[in-house]
2 protein chains.
Amino acid sequence: MARPLSPKLSLDLIAEEALALIDSGQPFGVNALARRLGVTPSSLYSHVSGRDEIVELVRARMIPDVGMHPDPTLPWDEALQATLWAQRRMYASHPHAILLLVELTITSPDVVAFYARLADLLTDAGFPESDVLPIIEMLDALAIGFGIDQASPSAIWQTSDTSSRFGRLLAAAEQGDGRSDHAFELALSLLIDALRRRLEGIH
Amino acid sequence: MARPLSPKLSLDLIAEEALALIDSGQPFGVNALARRLGVTPSSLYSHVSGRDEIVELVRARMIPDVGMHPDPTLPWDEALQATLWAQRRMYASHPHAILLLVELTITSPDVVAFYARLADLLTDAGFPESDVLPIIEMLDALAIGFGIDQASPSAIWQTSDTSSRFGRLLAAAEQGDGRSDHAFELALSLLIDALRRRLEGIH
DNA sequence: ACCTGAACACCGTTCAAGT
DNA sequence: ACCTGAACACCGTTCAAGT
């Protein structure tokens with residue numbers, strides 16, 4: 001029972017099951033993945049160079065979700081807003097993926113293509129070349145920061161202190177997705193507003 | 001040679017050496033830390049409940065750095081800017097710490113106190129109560145996002161494509177700290193500007 | 001080409017034993 | 001109270017062997 005007549009594994013299968021494992025909330029690992037695939041851990045190394053490549057496969061599989069790519073027919077600010085919300089929905093669907101993705105350099109062409117479209121959007125909107133990359137990095141930082149916020153245990157801050165202003169704020173605050181969504185909405189409207197003003201200042 | 005006359009370990013020593021290990025760039029772990037301390041891994045469990053508590057000790061040790069706490073004598077926008085830059089400098093000094101910190105709930109009273117001061121700053125500035133926590137979360141997301149940006153390998157995006165606009169932007173971009181600092185500066189000025197405008201709109 | 005099974009050098013944690 | 005050393009159930013990866 002060494003080599004089967006038809007392969008038991010494929011890159012697609014590996015990526016799919018890896019994402020399923022991640023979404024299940026159990027810790028991601030080569031061994032756990034192999035177990036799910038009904039295969040020995042070492043079998044995976046016939047298809048993949050190791051753990052990192054599996055994570056890259058997962059990243060590539062997450063991106064093509066609906067609505068990620070900016071719509072070029074929309075005004076830049078609306079297109080930007082829609083894209084960032086789509087990105088947020090993506091991270092929301094796979095909250096446990098983000099910490100895995102964040103420590104690897106992005107190599108998937110699909111993902112690079114996404115950022116390239118974002119760059120085109122900003123350039124076409126009229127932002128100077130020197131602004132484009134910093135803005136993208138800023139948006140990326142925000143998306144990652146909020147993505148992690150969503151992945152974190154529901155309470156970021158844990159305190160029994162209800163006497164201070166902050167303690168009372170925490171006690172009165174929304175919990176879970178609502179809290180995080182609210183903050184994201186505020187951040188997005190503030191930033192796009194600021195970008196709009198910056199663009200007006202230029203022209 | 002079981003129990004020594006004077007203890008070989010202490011919480012302070014553990015935290016100090018843990019941070020040193022993290023800053024060295026080597027992967028953080030209980031075993032590696034014990035090796036550095038000249039001690040058996042199991043010895044650590046006489047002082048600490050496990051890996052997570054060690055990470056919390058590190059967090060508490062990182063915060064009291066100079067300039068972190070907002071200065072109440074300054075105008076709110078200047079105090080906010082100074083605090084966020086201080087926070088950024090902190091993450092810059094310990095780039096490898098952030099991914100460890102990010103997955104644990106904050107329990108250290110010192111750290112909670114820092115966020116409490118931030119809440120006071122915003123309330124005193126005149127922001128409505130319902131704004132304060134979302135704004136703090138937004139700032140936190142930004143700090144974390146940029147912190148991770150700094151911890152990442154110098155190139156976030158890796159592409160050989162120099163024909164597209166994005167490819168050329170990447171090729172022409174600053175490298176390393178300068179790139180990240182530039183984006184952070186832009187983000188901060190945009191956000192504080194937007195906050196200032198929001199405050200004016202309220203009063 | 002593709003899988004298995006044994007092996008390797010690691011993890012984090014527990015626990016009896018020693019002083 | 002505080003450390004050691006052995007043990008446990010895990011990691012990710014390599015490699016010879018099998019078809």
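Side chains included, hydrogens not; waters and symmetry mates left out as well; all remaining heavy atoms used. To find a chain, count down the sequence lines: A is the first, B the second, and so on, and within it residues start at 1.
- In this structure, CZ in A:Arg179 is found 4.5 Å from CD in B:Glu137, a value given to the nearest 0.5 Å.
- For B:Ser42, counting side-chain heavy atoms from C-beta on, the closest listed nucleotide (D:dG5, C:dC11, C:dT4) is D:dG5.
- Checking A:Thr83, A:Ile192, A:Leu80, A:Ile144 one by one against A:Leu139, the side chain to side chain contact (heavy atoms under 4.5 Å, CB included) holds for a single residue, A:Leu80.
- The closest side-chain donor-acceptor pair between A:Arg35 and A:Thr40, if any, does not fall under 3.5 angstrom.
- One finds a side-chain N or O of B:Ser43 lying less than 4.0 angstrom from the OP1 or OP2 phosphate oxygen of D:dT4.
- Rounded to an integer number of Å, the gap from B:Tyr45 OH to C:dA16 P is 17 Å.
- The CZ-P distance, from A:Arg51 to C:dC11, rounds to 15 Å in whole Å.
- Put simply, CG on A:Asp52 is 14 Å from C1' on D:dC11, counting in whole angstrom units.
- Distances were taken from every side-chain heavy atom of B:Val30 (C-beta onward) to each of C:dT13, C:dT4, D:dC2; the shortest belongs to C:dT13.
- Considering only side-chain atoms of B:His47, the nucleotide from D:dC2, D:dT13, D:dT4 that sits closest is D:dC2.
- Atom CG in B:Leu21 sits roughly 14 Å away from atom C1' in C:dC11 (whole-Å rounding).
- Listed pair A:Ser46 / C:dC2 fails the phosphate criterion, with no side-chain N or O lying under 4.0 Å from OP1 or OP2.
- Between the side chains of B:Asp71 and B:Thr73, at least one donor-acceptor pair of N or O atoms lies under 3.5 Å.
- In this structure C:dA16 sits in a base pair with D:dT4, meeting the Watson-Crick or G-U test at under 3.5 Å.
- Atoms CG (B:Leu44) and P (C:dT14) sit 13 Å apart, rounded to a whole Å.
- Candidate nucleotides D:dC11, C:dT4, D:dT4 were compared by shortest atom distance to the side chain of A:Arg35, and D:dC11 ranks first.
- Pairing partner, D:dA9: none, since no Watson-Crick or wobble contact has both distances short of 3.5 Å.
- For B:Gln26 and C:dC11, the CD to P distance is 11 Å, given to the nearest whole Å.
- Ring-plane geometry between A:Phe166 and B:Tyr115 is classed as parallel, the angle between the planes falling under 30 degrees on a 0 to 90 degree scale with a further cut at 60.
- For the pair A:Ile14 CD1 and C:dC2 C1', the interatomic distance rounds to 11 Å; values are reported in whole Å.
- B:Asn31 has its CG atom 6 Å from the C1' atom of C:dC11, to the nearest Å.
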